[in-house]
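Structure, as structure tokens:
Numbers restart at 1 for each chain; the letters A, B, ... are given by sequence-line order, proteins then strands.
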Amino acid sequence: MSIAAVKKTTLKPKDYKSDVSVVWCPGCGHYGILNAIYRALSEAGVDPSQLISISGIGCSSRSPYFINSYKMHTLHGRAGPVATGAQLARPDLAILVLGGDGDGFSIGGGHMPHMARKNVDMTYVLFDNGIYGLTKGQYSPTSRPEMKAYTTPYGGPEEPMNPLLYMLTYGATYVAQAFAGKPSVCAELIKGGLEHRGFSYINIYSQCPSFNKIDTIEFYRDLVEAVPKDHDVTDLGAAINLARQSSEGRAPMGLLYKADRPTLDQRMHAMVEGVNGRPDYDLNQIIDLNRP
Amino acid sequence: MEKKDLVIRIAGEGGEGVISTGDFIAAACARAGQEVYTFKTFPAEIKGGYAMYQVRTSLDPLFNQGDTFDILCAFNGEAYEVNRHRLVPGTAFVYDYPAGDFEPEIPDGVIAYPIPMSQTAKDMKSYRSKNMVALGALSALFNINEKTLIEVLIDKFKSKGPENLSFNLEAFHKGKELAAALGKKDLWRVADPVPAKDVLIISGNDAVGLGAILGGIRFYSAYPITPATEIAKFVAVHIPKVMGTLIQAEDEIASISQVLGASYAGKRAMTATSGPGLSLMGEMLGMASMSETPVLVVDVQRGGPGTGMPTKHEQSDLFLAIHGSHGDAPRIVMAVEDVGDCIHMTVEALNLAEHYQCPVILLSDGSLAFSTQTVPAPKPGAVKIVERKRWDGTGEYKRYQASPDGISPMADPGTPQGMHVATGLEHGPAGAPNHSPPNHEAMHRKRFGKLKTVVDFVAPTQVDGEGQADVGIIAWGSTIGVVREAVARLRADGIKVKGFYPKLMYPMPVAHYEAFAATCNKILVPEVNFQGQLSHFIRAETAIMPISMTICGGVPFTPIQIMNKVREIL
Ligand SMILES: Cc1ncc(C[n+]2csc(CCOP(=O)(O)OP(=O)(O)O)c2C)c(N)n1
């Protein structure tokens, strides 16, 4: 039961702002993404009491504090599994996960495949700034080797990963990419993710003017390229081909892939139905199985 | 002469039917009204290797696996080699001979019953009936109630078809005849049947699973690890019946994270693991302390550190359970004594987590995990469920608002106007980040302060004995059962000894310890770990200077070991 079923409102984007003041640096791309989230929530009409925003640790992971909803600010890398537990416990609510590239793909990288392949019904917005912002500028799994940073004074010794390719191959059922400089595109894709029933992954490039000196707003603007109009979002092969371009200096912007697959909670529900589960099940029946 | 309390050890190679033979005997004795306490060791190998199953049975309550066996049934040469040093005068020794793979030397005074188990099975053209031949022989020799034993076999084999059943029964009767032909030459005899009691026969791990279901869990996240995995297996079968969910996570960090998420979302939630998994959960347990989220972790301890001795018993996670997280991270730690505790203390631990909104760690151990015991059948209607305090929906909601008992109401997501953050950052009453020193201190006082009443919420300790004693024994976990028997036997010998059994390990009920110690000249603390972990806490938290007694060979204490030590320090 993703947001199609949750209680609706007609709140304005500003009504999703909490009273905690935003603490990011001037010029940070995260502002654009946060505004897009407010718009997406408003356009999707999600009642704040029906939403749990969940994050790990990082600049981007502060986002839930700024959103009017139920929220969990957890540990570095662990937003995904925390959200999985919350979703399975309350499949009637909407779940929004917010975090950075370090949070999601470095320390939390072990969880990503499993949320995707299990098709946990949630929307994961990854603020991809190619750097660790909160710890003041170390290279991340999406940093380009050209980048000189805190722990890479001579440039990076590693190749970056391609988040879209990962999520497509892990089995995510909604995969999109945008850029913080295009808030309306971001909002539309996030709204689409909220409305999609299943695991939605939205990678959003976000400039970090304080620490990532090479992935500037101009760099991203030139990098992104709208997904071709004739792209078939149900064609995984075509989506993978588009995703591969990100590693070749042309990053697709838009919805790459969307598939209909039973969600984890739907499958769990089928199990309950299979055994005729009921809240007042007679526990004596379980006890009696253990008699000598 | 009839001995009421006896121990039958069956040993052989994994896959030879050692375990099922033990299970049949245990169930038959329970159906004949006897108490049963079993103990088994599995091979670490996937297939084959030495396996042992020991059944202790008596009309009186049993608290441990006994000092040694009275009857050894050896299926092969390895089983004989491993156990031959314990063949003392008076022991009955049933073994596969002739045509087995060994020819034992029978020590003086040992009563030998050679039974051609393999040969009989071979004659029947079924190697797999070897254990049925042994079972028949054991039944005839030691008065294991034939009627209940056959009922158990029928229940077990009926689903496999009438031919399978009659074949197994035939092997059973052959074993009986072979034994009868040898004639009874020892004194060991299971008591005659009495009316069966309202009991379950259940392992420690299954009992935790049953306690979890009775305790109302609706979410369980699992990651496989010896010796805890069977808990998840039990819960997986039954939790959908009560409309709950079990998920297997990608690792223990994910499983505790999922539990925290489900609990925030309003469900009673838990996981179970062993030491390596608990180590991985440390950071998230701190998050649960900080965000005041109820979570239960059952730790079925095994030999450590590192991968350690996965299939072996140890009580060495007390340090980890109490302090295994960074910062000042309050939690509640309980330890079970026996399989009965596994049921009702799991319920209690869930209640504690919900009431105190903090992590609770319930310690079990490798010796209880697979030990099946007769326990009174629980009554679902009598199970007390304590719900978390929930916001009543009036006024402005502040999640971490101070309150006299330190417990602030929670609001389930979906509740209108209840929106709040669960956060691992230090925070003020409404949850907003707040790093001011006075706030941090006030919040610490809230989180630790609320635990002051735990000692009244549960029965924290038990005292065994009255008046003044020469030696007081403080024991925790499954060692308690061994000490109970040692204390009773020492007292019967006129020695002044008392026992003290903490079930609540943290917060430590210091006053209870000190009141007990004041009645004893010396305090002995036996535990199955190298460092003397409980002794350490006793020295740190109380004025008591205990004598630490530790073993760490991967097996539990025996009563005689404790008795000898008490005599030595008297
Ligand atoms: C277990 C643990 N290790 C390290 C950290 C320190 N840490 C906090 S945020 C962060 C990286 C943040 O980068 P990212 O997730 O990309 O988010 P951003 O700040 O760039 O938005 C690190 C390493 C931590 N909080 N916890």
Counting only heavy atoms closer than 4.5 Å, note whether [X] contacts chain B via side chain, backbone, both or neither.
X	result
A:Pro48	both
A:His111	both
A:Leu51	neither
A:Ile54	neither
A:Thr74	both
A:Ile287	both

With chain B, which of [options] has the greatest number of heavy-atom pairs at distances under 4.5 Å?
options	answer
A:Pro81, A:Gly108, A:Ser53, A:Gly274	A:Pro81
A:Val20, A:Asn284, A:Asp282	A:Asn284
A:Arg62, A:Arg278, A:Lys118, A:Gln285	A:Arg278
A:Leu283, A:Asn276, A:Leu75	A:Leu75
A:Arg78, A:Gln50, A:Met72	A:Met72

- Message: Can you confirm if the aromatic rings of A:His114 and A:Phe199 lie within a centre distance of less than 6.0 Å?
- Response: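 They do not qualify: ring centres at least 6.0 Å apart.
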Point-to-point distance, once rounded to the nearest 0.5 Å, from [atom1] of [X] to [atom2] of [Y]:
X	Y	atom1	atom2	answer
B:Met243	A:Asp280	CE	CG	10.0 Å
A:Trp24	A:Ser63	CH2	OG	3.5 Å
B:Leu62	B:Thr38	CG	OG1	11.0 Å

Does a side-chain heavy-atom distance below 4.5 Å link [X] with [Y]?
X	Y	answer
A:Ser18	A:Lys71	yes
B:His420	B:Met410	no
B:Pro413	B:Tyr264	yes
A:Ser60	A:Ser55	no
B:Phe234	B:Asn205	no

So which of [options] has the largest heavy-atom pair count under 4.5 angstrom toward chain A?
options	answer
B:Asp251, B:Ile247, B:Val242	B:Ile247
B:Met290, B:Gln417, B:His238	B:His238
B:Gly418, B:Ala27, B:Cys29	B:Gly418

Which atoms of [X] approach chain A - backbone, side chain, both or neither, heavy atom under 4.5 Å:
X	value
B:Val259	neither
B:Ala254	both
B:Met284	both
B:Asp155	neither
B:Ala26	neither
B:Ile239	neither

- Query: So, are A:Arg291 and B:Asp198 salt-bridged, with charged N and O less than 4.0 Å apart?
  - Reply: yes
- Message: Could you go through A:Lys12 and A:Asp15, starting from their C-alpha distance and side-chain angles, then the distance that decides it, and tell me whether this counts as salt bridge (charged side-chain N to carboxylate O under 4.0 Å, His left out)?
- Response: CA-CA 5 Å; A:Lys12 301 260 170 341; A:Asp15 299 323; 5.9 Å; no
- With side chain to side chain donor-acceptor pair (under 3.5 Å) as the test, would you mind laying out the steps for B:Arg388 and B:Ser263 before giving the verdict? CA-CA 10 Å; B:Arg388 63 181 68 172; B:Ser263 178; 3.1 Å; yes
- State which residue, out of A:Val175, A:Leu126, A:Thr142, A:Val125, fulfils the side chain to side chain contact (heavy atoms under 4.5 Å, CB included) condition with A:Asn203. A:Leu126
- Query: Taking everything shown except B:Lys197 itself, do over 12 heavy atoms lie less than 6.0 Å from its NZ?
  - Reply: yes
- Does anything in residues 210-221 of chain B get under 4.5 Å of chain A by heavy atoms, and if so which residues? B:Leu210, B:Ile213, B:Leu214, B:Arg218, B:Phe219
